[in-house]
Amino acid sequence: MLPTPELVKSYIAAGLNCSHLEVSGDGAHFEAVIVSEAFAGKRLIQRHQIVYAALGDRMREEIHALSMKTLTPEEFQK
């Protein structure tokens, strides 16, 4: 069974405190807008690593591709 955007959203939300989270996709390729205070002071690669850590093994086993916009709440407001 292919994961749904809602399922991927729940995986991210379970592992990362987000103030805004949108996920879309077709079961193999997903796009996400993730807003979290955890990204403050972090470079882009570090932000992505935080999301990958929240997803754990699901990134290898269930999710083929994930394109992310990772923003702090301040960046999201702009």
* Structure fact -> When rounded to the nearest 0.5 Å, the distance separating NZ of K42 from OG1 of T72 is 11.5 Å
* Quick one: NE2 on H64 to CG on D26, what's the gap to the nearest 0.5 Å? -> 9.5 Å
* Could you give the distance from CD (Q49) to CG (L44), rounded to the nearest 0.5 Å? -> 10.0 Å
* To do: Would you mind reporting whether V33 and H20 have side-chain heavy atoms less than 4.5 Å apart?
  => yes
* Could you pull out all residues at least two apart from H48 that satisfy ring pair (Phe, Tyr, Trp, His ring centres under 6.0 Å)? => none
* To do: Taking all non-hydrogen atoms of both residues into account, name the closest pair between P3 and E62 and its distance.
  => CG-O, 3.5 Å
* **Any E22 side-chain heavy atom under 4.5 Å of V35 side chain** => no
* Is the closest side-chain heavy-atom distance between P73 and E37 below 4.5 Å? -> yes
* To do: Considering only Ile, Leu, Val, Met, Phe, Trp and Tyr, and joining two whenever side-chain heavy atoms are under 4.5 Å apart, list the other residues clustered with I50.
  => L7, V8, Y11, I12, L16, L21, V23, F30, I34, F39, V51, Y52, L55, M59, I63, L66, M68
* **Side-chain H-bond candidate by donor/acceptor type, E31 with S24, under 3.5 Å** => yes
